[in-house]
**Q** 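Here it is, the structure in full.
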Amino acid sequence: MLLVSGISLPGAVSAATVVKVWGAPAAALHALRNAQPGIVWLGASTEAQAAQPQLQVAWQQDAYQQALATGSRAPILLLNHQRLPASRLRNQDAALIWGPPLALQVQLTRRLMPLAKRIGVLYRATSPAEMTALSATPAASGVQLVPLPVEAPLTARALAEAADLVDVFIASNDDALFNRDSAKLILLTAYHHKRPVIGPTPAFVSAGAVATEAVPKAALILAIVARIEHWQSSGNLGDDHLINHFAPVFNAQVARSLNLVIPADLRREVQP
């Protein structure tokens, strides 16, 4: 495994691909090194003079802005929950999308709450396309999907009014609506009205959402390595790529408090 020794030897650095990773948890950086030891993986705190990266990986949009601020022209692979407009990325950059499609979240909701008939989907009023597409999928058959277009930032009043219309909320992959600043407001308001929240991320589940579909850690690492190997062989990152391997994540304590029983078949599908 190429760690500090690989970085400190100029000859070794020049012979290997150097990738700088911004904003990744330490465990993820360690997993990347284990998955592809032929690459020199630099953490964001690595001294700039240690090695010049040929490629960069940004863990979410904040990390992408950090990488851009360095002025480096090295391509950036952005890991993000949602697809971004092309204008938000440089020509040499691309996104790896790890957020689950709404149809998958609806399927999870129906398996977890088979008696729920009114599934409310919270999404930004200015972004209706995903909701339109969802209505035409098999996942929508047999239930009432209640579109809940809202403005960012979400308010407790808007959520409380929506709670009267639905049995459960689904939170779309939209960082403008669902982020660390809005999590407490959303989850406490929904819980006060006894409405489970499904999605959008494992972080929301840890904070009090009941469940979500998420890319398992091992699948995420493999997807990152695959995109980097594509770049090594082709010279470019190509188009944005959607990961299609998901598994359920649950907050068992919140589920019990809402009198929800997680079926055994769903529990067996949970992956780290």
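These numbers come from the heavy atoms of this one structure, side chains and all, not from hydrogens, waters or symmetry mates. Every value quoted in this text rests on a predicted model; they were computed, and no experiment measured them.
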**Q** Between Glu213 and Gln107, do the side chains contain a donor N or O and an acceptor N or O under 3.5 Å apart?
**A** no
**Q** Which distance, rounded to the nearest 0.5 Å, do you find between the CG of Leu79 and the CD1 of Ile76?
**A** 12.0 Å
**Q** Who pairs with His241 by ring-ring contact (aromatic ring centres under 6.0 Å, His included), at least two apart in sequence or on another chain?
**A** none
**Q** Identify the residue among Val121, Ile119, Val146, Leu145 that makes a side chain to side chain contact (heavy atoms under 4.5 Å, CB included) with Val166.
**A** Val146
**Q** Taking all non-hydrogen atoms of both residues into account, name the closest pair between Ala139 and Ala103 and its distance.
**A**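 Of all heavy-atom pairs spanning Ala139 and Ala103, the closest is CB-O, 3.7 Å.
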**Q** If you define the side chain from C-beta out and look only at heavy atoms, does anything of Leu108 sit under 4.5 Å from Ile198?
**A** yes
**Q** Where do Gln271 and His245 land on the side-chain contact (heavy atoms from CB on, under 4.5 Å) test, with the steps shown first?
**A** CA-CA 11 Å; Gln271 298 181 34; His245 184 173; 3.7 Å; yes
**Q** Any chain of hydrophobic side-chain contacts (each under 4.5 Å) joining Leu122 to Leu104?
**A** no
**Q** When you compare the side chain of Ile170 with that of Thr109, does any pair of heavy atoms fall below 4.5 Å?
**A** yes
**Q** Using only atom types and a distance under 3.5 Å, with no angle test, would you say the side chain of Arg227 pairs donor to acceptor with the backbone of Leu237?
**A**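 Checked: pair present.
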**Q** I'd like to know if the side chain of Asp240 and the backbone of Ala94 have a donor-acceptor N/O pair within less than 3.5 Å.
**A** no
**Q** Okay, side chain of Thr212, backbone of Val249: is any donor-acceptor separation there less than 3.5 Å?
**A** no
**Q** Contact between Leu42 and Val21 at the side-chain level, heavy atoms closer than 4.5 Å - yes or no?
**A**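 Not in contact.
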**Q** Nearest 0.5 angstrom please: Gln82 CD to Leu242 CG, how far?
**A** 11.5 Å
**Q** Does anything in residues 102-115 form a salt bridge (Lys or Arg N to Asp or Glu O under 4.0 Å)? List the pairs, not counting sequence neighbours.
**A** Arg111-Asp265, Arg111-Glu269
**Q** Nearest 0.5 angstrom please: Glu161 CD to Leu148 CG, how far?
**A**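 It comes to 11.0 Å.
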**Q** Donor-acceptor pair, distance only, cut-off 3.5 Å: does the side chain of Arg195 make one with the backbone of Ala163?
**A**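 Yes; judged by distance alone, with no hydrogens or angles, the pair exists.
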**Q** Aromatic rings Trp98 and Trp59: how do their planes relate, parallel, tilted or perpendicular, breaks at 30° and 60°?
**A**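 Trp98 and Trp59: perpendicular rings.
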**Q** Begin with the C-alpha distance, continue with both residues' side-chain angles, and end with the deciding distance and a verdict on side-chain contact (heavy atoms from CB on, under 4.5 Å) for Leu266 and Phe250.
**A** CA-CA 9 Å; Leu266 276 175; Phe250 298 104; 3.7 Å; yes
**Q** Rounded at 0.5 Å granularity, tell me how far CD in Gln105 sits from CG in Leu112.
**A** 11.5 Å
**Q** Is it the case that over 12 heavy atoms from other parts of the model lie below 6.0 angstrom from the CG atom of Asp239?
**A** no
**Q** Any side-chain to backbone donor/acceptor pair from Gln56 onto Ala74? Under 3.5 Å, distance only.
**A**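 It does hold such a pair.
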**Q** Within the side chain of Gln60, is there an N or O that forms a donor-acceptor pair under 3.5 Å with the backbone of Asp62?
**A**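 No: the side chain of Gln60 does not pair with the backbone of Asp62.
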**Q** Please confirm whether the backbone N or O of Asn236 pairs with a side-chain atom of Ser234, one donor and one acceptor, at under 3.5 Å?
**A** yes
**Q** Does Thr17 reach the main-chain N or O of Ile39 with its side chain, forming a donor-acceptor pair under 3.5 Å?
**A**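 No, Thr17 side chain to Ile39 backbone: no donor-acceptor pair under 3.5 Å.
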**Q** Leu32 and side chain to side chain contact (heavy atoms under 4.5 Å, CB included): which partner among Val57, Val19, Ile221?
**A** Ile221
**Q** Does some side-chain heavy atom of Pro196 sit less than 4.5 Å from a side-chain heavy atom of Met113?
**A**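 They are in contact (side-chain heavy atoms under 4.5 Å apart), so the answer is yes.
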**Q** I'd like to know if the side chain of Asp167 and the backbone of Lys117 have a donor-acceptor N/O pair within less than 3.5 Å.
**A** yes
**Q** When you compare the side chain of Arg73 with that of Arg90, does any pair of heavy atoms fall below 4.5 Å?
**A** yes
**Q** Under a 3.5 Å threshold, yes or no: a donor from one side chain and an acceptor from the other, between Tyr64 and Asp93?
**A** yes
**Q** Taking the side chain as every heavy atom from C-beta outward, state whether Leu177 and Val150 have any atom pair closer than 4.5 Å.
**A** yes
**Q** Can you tell me if Trp41 uses its side chain to pair, donor with acceptor, with the backbone of Gln36 under 3.5 Å?
**A**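 Pair found, side chain donor or acceptor close to backbone of Gln36.
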**Q** Return the CD to CG distance between Glu229 and Leu222, rounded to the nearest 0.5 Å.
**A**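 Separation between the atoms: 9.5 Å.
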**Q** After noting the C-alpha distance and the side-chain angles of Asp174 and His81, does the key distance pass the side-chain contact (heavy atoms from CB on, under 4.5 Å) rule?
**A** CA-CA 8 Å; Asp174 190 328; His81 294 130; over 6 Å; no
**Q** Could you tell me whether the side chain of Leu68 reaches within less than 4.5 Å of the side chain of Thr70, counting heavy atoms only?
**A**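 With C-beta onward as the side chain, the pair stays apart.
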**Q** Quick one: do the Asp175 and Gln61 side chains pair a donor with an acceptor below 3.5 Å?
**A** yes
**Q** If you round to the nearest 0.5 Å, how far is CZ of Phe169 from CG of Leu159?
**A**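 If we round to the nearest 0.5 Å, Leu159:CG and Phe169:CZ are 4.5 Å apart.
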**Q** Check this for me: His192, atom NE2, are more than 12 non-hydrogen atoms of other residues, nucleotides or ligands nearer than 6.0 Å?
**A** no
**Q** Test Arg256 against Val254 for side-chain contact (heavy atoms from CB on, under 4.5 Å), laying out the working first.
**A** CA-CA 5 Å; Arg256 284 194 299 271; Val254 174; over 6 Å; no
